[in-house]
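Worksheet: the structure to be examined is printed underneath.
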Amino acid sequence: RAKTQRRGGHFYFSRGMGVEIRERVRLMHALRSGFARGELFLAYQPQVELAARRAFGAEALLRWRTEDGRFVPPDRFIPIAEYSGLIIDIGAWVLREACAELVRVRAAGHLDFTMSINVSQVQFRHPHFIDMLRQALLETGAPPERVELEITESMAMEEPDLLIERLAEIKRTGVSIAIDDFGTGFSSLSYLQRLCVDRLKIDRAFVTEITDAARGSSIAEMVIELGRNLGLSIIAEGVEDEVQAQILQALGCPLAQGYLFARPLAPEALIEWLGSDALTRAA
Ligand code: C2E
Ligand code: MG
Ligand code: MG
Ligand code: MG
């Protein structure tokens with residue numbers, strides 16, 4: 001990684017950093033025009049009940065396929081979208097698109113299905129965020145009680161009072177709230193109690209740590225215990241093998257998401273997947 005150097009009160013960028021900045025600017029322009037051309041789409045990763053091995057919902061995950069057919073990973077382009085402000089329009093589109101898919105899933109007969117939507121902190125802080133959310137619900141006819149927003153724990157740490165107020169306002173629209181990547185930010189218990197969140201998502205890093213050899217006293221176990229004490233729903237993300245699924249279930253985690261059950265599915269594949277016996281065949 002390149003570093004800035006301070007000389008005589010001025011900052012100079014090293015050559016490596018210049019290359020990185022140029023690349024980011026290039027990506028930003030490509031993202032702006034690609035978004036306008038319809039290069040973004042959502043993939044949907046099913047979320048399952050561990051005991052019944054039944055899908056109850058899915059998480060919408062943003063995908064960008066560029067003109068030349070290459071995929072840029074979200075961890076690469078979302079920070080650029082945030083930095084450039086593009087995330088506001090993209091995020092509003094994600095809300096509408098995911099809500100529209102929820103309505104299609106319901107029309108296919110899956111009425112107890114919940115759609116989880118990731119929200120960037122930049123988007124979340126925008127003064128019109130709640131209007132954009134209400135608009136998406138209204139335009140698509142998606143039932144708010146079937147929509148969940150995912151915010152990250154790091155975001156939860158930054159401005160506690162703003163966050164508490166915002167979350168309460170969001171809850172009044174009827175949607176529920178999950179804290180994504182939970183366990184990485186060390187939220188205090190009393191703080192968590194003041195936030196009106198519904199669910200904690202155990203970060204994939206702590207799920208990866210779960211093996212037969214190390215089943216007890218894991219961070220995952222602590223998060224499950226914390227969730228239970230606070231009366232929150234718990235879901236584990238990044239479950240890749242059956243051993244992890246079994247241990248999580250034994251520890252009292254009822255819900256999970258991960259490659260073991262399904263990879264993120266192309267938009268046209270979700271409804272078909274839900275109607276298939278893919279989950280029971282995998283078990
Ligand atoms: P996230 O919200 O924590 O999403 C989970 C990530 O883990 C996804 O990566 C998913 O594809 C991946 N994953 C799921 N199961 C497994 C597994 O079993 N093993 C492994 N190794 N990975 C698994 P993805 O799709 O690359 O997204 C990365 C991040 O980008 C997301 O992390 C989220 O923070 C962000 N993101 C994605 N879509 C959106 C969006 O629409 N809006 C915003 N603001 N952020 C988004
Ligand atoms: Mg997420
Ligand atoms: Mg996550
Ligand atoms: Mg993540």
Side-chain angles (χ1 to χ4, degrees), residues 31 35 39-48 50 55 57-65 71-102 114-126 129 132-133 136 147-156 176-185 197-210 219-220 223 233-245 248 255-267 269-270 279 282:
L31 180 59
F35 175 51
E39 289 176 6
L40 296 186
F41 65 95
L42 295 177
Y44 299 96
Q45 187 177 37
Q47 299 179 318
V48 308
L50 279 171
E59 176 178 7
L61 293 161
L62 196 52
R63 295 290 177 264
W64 178 19
R65 187 174 30 220
F71 281 92
V72 184
D75 288 332
R76 178 78 180 137
F77 73 81
I78 286 168
I80 291 168
E82 287 175 331
Y83 183 76
S84 63
L86 268 171
I87 196 70
I88 302 304
D89 286 346
I90 292 176
W93 174 82
V94 167
L95 284 171
R96 279 201 308 277
E97 190 58 26
C99 285
E101 178 69 8
L102 170 63
T114 302
M115 184 64 79
S116 281
I117 309 173
N118 292 286
V119 175
S120 142
Q121 50 179 316
V122 176
Q123 194 188 356
F124 187 82
R125 288 210 191 93
H126 193 276
F129 175 69
M132 292 186 250
L133 173 63
V147 173
E148 178 184 75
L149 301 184
E150 296 188 4
I151 62 164
T152 59
E153 191 185 12
S154 51
M155 175 153 111
S176 56
I177 293 156
I179 301 195
D180 205 351
D181 306 337
F182 190 81
T184 49
V197 301
D198 304 277
R199 179 173 291 167
L200 304 178
K201 290 193 83 172
I202 305 173
D203 191 70
R204 176 159 60 88
F206 307 122
V207 173
T208 309
E209 279 173 6
I210 300 174
I219 292 184
V223 175
S233 167
I234 303 284
I235 185 166
E237 66 179 358
V239 177
E240 293 185 352
D241 63 53
E242 194 53 51
V243 171
Q244 291 166 343
L248 282 162
L255 310 174
Q257 181 183 345
Y259 294 168
L260 173 65
F261 312 106
R263 299 232 164 202
L265 303 166
L270 174 65
L279 262 186

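When a ligand or atom number is given, it counts from 1 through the structure's own listing order.
In the displayed structure, Arg65 atom CZ is contacted under 6.0 Å by at most 12 heavy atoms of other residues, nucleotides or ligands.
The Asp180 neighbourhood of ligand 1 comprises atoms 1 (P), 2 (O), 3 (O), with distances under 4.0 Å to a heavy atom of that residue. Remark: ligand 1 atoms within the under-4.0 Å shell around heavy atoms of Gln45 are 14 (C), 15 (N). Short contacts between ligand 1 and Ser120, defined as distances under 4.0 Å to a heavy atom of the residue, involve ligand atoms 44 (N). Within ligand 1, counting atoms from 1 as listed, the ones closer than 4.0 Å to a heavy atom of Ile78 are 30 (O), 35 (C), 36 (N), 37 (C), 39 (C), 43 (C), 45 (N), 46 (C). Distances below 4.0 Å separate heavy atoms of Gly258 from the following atoms of ligand 1: 15 (N), 18 (O). If you number the atoms of ligand 1 from 1 as listed, the ones under 4.0 Å from a heavy atom of Val94 come out as 41 (O). Close approach to Glu237 involves these atoms of ligand 1, each under 4.0 Å from a residue heavy atom: 3 (O), 5 (C).
We find the CG-CG distance between Asp180 and Leu200 to be 10.5 Å, quoted to the nearest 0.5 Å. Distance check: Glu59 CD to Ser116 OG gives 6.0 Å after rounding to the nearest 0.5 Å. Here the CG atom belonging to Leu40 is positioned 10.5 Å from the CD atom belonging to Glu97, to the nearest 0.5 angstrom. Note that CZ of Phe206 is 9.5 Å distant from CZ of Phe182, once rounded to the nearest 0.5 Å. Atom-to-atom distance recorded for Ile151:CD1 and Ile179:CD1 is 5.0 Å, nearest 0.5 angstrom.
Remark: the backbone N or O of Ala60 is paired with a side-chain donor or acceptor of Asn118 at under 3.5 angstrom. At least one donor-acceptor pair under 3.5 Å links the side chain of Gln45 to the backbone N or O of Ala262. Listed for the Asp198 side chain is a donor-acceptor partner under 3.5 Å among the backbone atoms of Ile177.
Closest to the Mg ion (ligand 2) among the N, O or S atoms of Glu150 is OE1.
Heavy atoms of Ile117 found under 4.0 angstrom from ligand 1: none, in either backbone or side chain. Of the heavy atoms in Pro264, only side-chain atoms (C-beta onward) come closer than 4.0 Å to ligand 1. For Asp181, every heavy-atom contact with ligand 1 shorter than 4.0 Å involves the side chain, none the backbone. By the criterion of a heavy-atom distance under 4.0 Å, both the backbone and the side chain of Asn118 are placed next to ligand 1. Of the heavy atoms in Arg263, none comes closer than 4.0 Å to ligand 1. The proximity of Arg204 to ligand 1, defined as any non-hydrogen pair under 4.0 Å, is limited to the side chain.
Distances from the Mg ion (ligand 2) show that Asn118 has an N/O/S atom below 2.8 Å. At a cut-off of 2.8 Å, Asp181 is counted among the residues with an N, O or S atom near the Mg ion (ligand 3).
Heavy-atom distances between Pro73 and ligand 1 stay at or above 4.0 Å for every pair.
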Thr114/Val147 under side chain to side chain contact (heavy atoms under 4.5 Å, CB included): CA gap, chis, key distance, verdict: CA-CA 6 Å; Thr114 302; Val147 173; over 6 Å; no
Using side chain to side chain contact (heavy atoms under 4.5 Å, CB included), reason through Leu95 and Leu149 one step at a time and then give a plain yes or no. CA-CA 9 Å; Leu95 284 171; Leu149 301 184; 4.0 Å; yes
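Comparing heavy-atom distances from atom 30 (O) of ligand 1 across Pro74, Ser116, Ala60 singles out Pro74 as nearest. The heavy atom nearest to atom 29 (C) of ligand 1, out of those in Ile151, Asp75, Ile90, Val122, is found in Asp75. With distances taken over non-hydrogen atoms, the option nearest atom 10 (C) of ligand 1 out of Thr152, Leu42, Leu61, Asp203 is Leu61.
Here's the thing with Gln257: none of its N/O atoms is less than 3.5 angstrom from an N/O atom of ligand 1. Between Gln123 and ligand 1, no pair of N/O atoms sits closer than 3.5 Å. Where the criterion is an N or O separation shorter than 3.5 Å, residue side chain and backbone included, Leu62 meets it with respect to ligand 1.
Our summary of the site lists the angle at the Mg ion (ligand 2) between OD2 of Asp180 and OE2 of Glu59 as 180°, to the nearest 10 degrees.
Using cut-offs of 30° and 60° on the angle between ring planes, the pair Phe71 and Phe41 is perpendicular.
Take Glu240 and apply the side chain to side chain contact (heavy atoms under 4.5 Å, CB included) test, not counting sequence neighbours, and it matches Gln244, Tyr259.
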Expected list for residues 82-91: side-chain donor-acceptor pairs under 3.5 angstrom, two or more places apart:
residue	atom	partner	partner atom	Å
Glu82	OE2	Ser120	OG	2.8
Ser84	OG	Ile80	O	2.8
Ser84	OG	Ala81	O	3.3
Ser84	OG	Leu86	N	3.4

